Structures are given as C-alpha cells and as structure tokens.
Amino acid sequence: MRRYIPALAALIGLLSSQAAWAEGDRIRGRTLAIDNCSQCHVIGDYNPYGGVNNSPSFYVFAERPEVYRERLRTFDQRRPHLSRDMQVSAKEIQDIMAYVATLERP
Ligand code: HEC
C-alpha cells in the first residue's frame with residue numbers, strides 16, 4: 001500500500017488543479033483585464049455597469065467555462081477583436097483566465 005501513496009497524492013493534486021479551470025496569476029490578470037478589456041466588457045467589481053453593446057460580461061465567462069475557456073484562449077481571433085491589434089500575449093491571456101475563474105456574481 002505504501003508505495004501507492006505518492007501516486008495517489010499525485011492523482012489528487014491533478015484532480016484539484018483541474019477544479020480551477022485556469023492557471024495563471026489572477027492578480028495580474030485583473031490588471032490586464034482592466035487595461036485591455038474593461039473598455040468594452042464588464043470585468044467584475046471594477047466596472048459593474050460598464051460594457052458595450054452585446055459584449056458578454058466576464059461573469060458569463062466564469063459561469064460557463066465549458067464554453068468560454070476556449071473562446072477566451074482564442075479571443076484575439078474572434079470578432080470584434082480580430083480587427084483590432086490586441087497586444088495580449090498567450091501568458092497574459094492565461095492570467096486573465098485565472099482572474100475570470102475567480103469571479104462570482106455579487
Ligand atoms: C473594443 C471593444 C472590446 C474590447 C477592448 C474587448 N472586447 Fe471582447 N468582445 C467585444 C464584443 C462586442 C463582443 C461580442 C461579440 C459578438 O458576440 O459578436 C466580445 C466578445 C468576447 C468574447 C466571446 C467571443 C465569442 O466568440 O463568444 C470573449 C471571450 C472576449 N470578448 C474576450 C475579451 C478579452 C479577454 C478582452 C481583453 C483582453 C476583450 N474581449 C476586449 C468587445 C471587446
């Protein structure tokens with residue numbers, strides 16, 4: 001039994017890391033979202049009454065990770081971002097996703 005303990009611990013670690021659907025620096029992600037996304041999206045308590053037209057709130061992303069995880073990852077290839085030169089690196093979008101994963105509607 002003893003020799004299975006490390007494997008078991010690794011498995012538990014793996015499962016719990018999947019519970020948070022995005023890994024990254026959530027504090028930095030919030031700042032990045034303020035700087036790059038808040039002009040059009042509600043990104044949380046920073047601008048609860050913000051957002052333009054049909055832009056989805058980041059709360060919606062948080063509530064439906066099965067849909068929005070991939071859309072966030074590829075946001076710069078999706079309208080309307082496609083036509084803009086968004087200066088957000090792959091690492092930065094990871095951080096933004098980590099921030100999104102912490103959001104809960106007030
Ligand atoms: C110039 C305004 C603007 C900025 C800046 C902006 N967005 Fe958006 N975004 C929109 C609008 C409008 C939509 C809705 C598009 C639609 O439904 O056709 C959208 C949709 C999205 C979607 C859903 C895409 C889909 O296909 O469902 C994601 C994910 C997203 N934005 C992420 C981001 C992130 C992350 C940032 C910041 C790094 C950002 N956006 C910055 C306007 C913006």
Side-chain angles (χ1 to χ4, degrees):
M1 180 63 202
R2 233 197 191 132
R3 63 199 188 110
Y4 293 115
I5 290 173
L8 203 62
L11 184 68
I12 291 168
L14 185 72
L15 292 175
S16 54
S17 74
Q18 282 176 344
W21 55 268
E23 306 240 335
D25 180 344
R26 64 194 163 78
I27 308 287
R28 187 155 175 267
R30 182 172 191 273
T31 306
L32 288 163
I34 289 171
D35 292 348
N36 297 285
C37 320
S38 68
Q39 104 196 57
C40 303
H41 291 268
V42 169
I43 64 156
D45 61 359
Y46 173 78
N47 64 343
Y49 305 107
V52 294
N53 300 327
N54 55 342
S55 69
S57 156
F58 276 27
Y59 289 120
V60 173
F61 300 164
E63 286 159 2
R64 303 195 59 200
E66 72 283 5
V67 172
Y68 285 104
R69 187 182 197 172
E70 183 59 19
R71 293 188 189 184
L72 273 162
R73 208 181 53 73
T74 57
F75 90 97
D76 57 347
Q77 295 150 46
R78 294 169 180 275
R79 278 175 223 282
H81 320 99
L82 191 62
S83 58
R84 301 170 67 91
D85 189 17
M86 306 277 312
Q87 302 288 336
V88 179
S89 70
K91 166 75 179 99
E92 288 172 335
I93 194 66
Q94 278 295 323
D95 293 343
I96 291 172
M97 287 166 70
Y99 167 63
V100 170
T102 67
L103 288 176
E104 273 178 50
R105 248 180 236 274

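Starting from 1, each residue takes its place in the sequence as its number. Just the heavy atoms: all of them, side chains too, but no hydrogens, waters or symmetry mates, feed the values below. Owing to the predicted nature of the structure, the values given are computational and were not obtained by experimental measurement. Remember, it's 1-based here, ligands and their atoms both numbered in the order they're listed.
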Tell me: protein heavy atom nearest [atom], and distance?
{"atom": "atom 19 (C) of ligand 1", "answer": "His41 CE1, 3.4 Å"}
{"atom": "atom 27 (O) of ligand 1", "answer": "Arg71 NH1, 3.0 Å"}
{"atom": "atom 21 (C) of ligand 1", "answer": "His81 CE1, 3.2 Å"}
{"atom": "atom 26 (O) of ligand 1", "answer": "Arg78 NH1, 3.1 Å"}
{"atom": "atom 37 (C) of ligand 1", "answer": "Cys37 SG, 1.9 Å"}
{"atom": "atom 32 (C) of ligand 1", "answer": "Phe75 CB, 3.8 Å"}
{"atom": "atom 15 (C) of ligand 1", "answer": "Arg79 O, 3.7 Å"}
{"atom": "atom 22 (C) of ligand 1", "answer": "Phe61 CZ, 3.6 Å"}

On the ring face of Phe75, is Arg78 found with NZ or CZ under 6.0 Å from the centre and within 45° of the axis?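 The answer is no, since Arg78 fails at least one limit relative to Phe75.
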
Under the 3.5 angstrom rule, does the side chain of Asp95 hit a backbone N or O of Asp25 as a donor-acceptor pair?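 Present.
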
Quick check on contacts: which atoms of ligand 1 are under 4.0 angstrom from a heavy atom of Asn54?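 That gives atoms 12 (C), 14 (C), 16 (C), 17 (O), 18 (O) of ligand 1.
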
Atoms of ligand 1 close to Cys40 [distance to a heavy atom under 4.0 angstrom, numbered from 1]: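 So the answer, numbered in order with elements, is 1 (C), 2 (C), 3 (C), 4 (C), 5 (C), 42 (C), 43 (C).
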
Please classify the Pro56 to ligand 1 contact at 4.0 Å (heavy-atom distances, strictly less than): side chain, backbone, both or neither.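 Contact part for Pro56 vs ligand 1: side chain (C-beta onward).
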
Distance-only N or O hit between ligand 1 and Ser55, under 3.5 Å: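 Checking ligand 1 against Ser55, no N or O pair falls under 3.5 Å apart.
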
Validation row: Val60, Arg105 side chains within 4.5 angstrom (heavy atoms):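 In contact.
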
Where do Arg30 and Asp45 land on the side-chain contact (heavy atoms from CB on, under 4.5 Å) test, with the steps shown first? CA-CA 10 Å; Arg30 182 172 191 273; Asp45 61 359; 2.9 Å; yes

Distance in Å, [X] [atom1] paired with [Y] [atom2], rounded so as to fall on 0.5 Å steps:
{"X": "Ile96", "Y": "Phe58", "atom1": "CD1", "atom2": "CZ", "result": "6.5 Å"}
{"X": "Arg69", "Y": "Met97", "atom1": "CZ", "atom2": "CE", "result": "5.5 Å"}
{"X": "Tyr59", "Y": "Ile43", "atom1": "OH", "atom2": "CD1", "result": "9.0 Å"}

Identify the two heavy atoms, one from Tyr99 and one from Arg26, that lie closest to each other, and give their separation to 0.1 Å.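 Where Tyr99 meets Arg26 most closely, the heavy atoms are CB-O, 3.5 Å.
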
Glu92 touching ligand 1 at heavy-atom level, < 4.0 angstrom: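 Distance cut 4.0 Å: Glu92 fails for ligand 1.
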
Hey, is CD on Glu104 packed in by over 12 heavy atoms from elsewhere, all under 6.0 Å?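 Count not over threshold, so no.
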
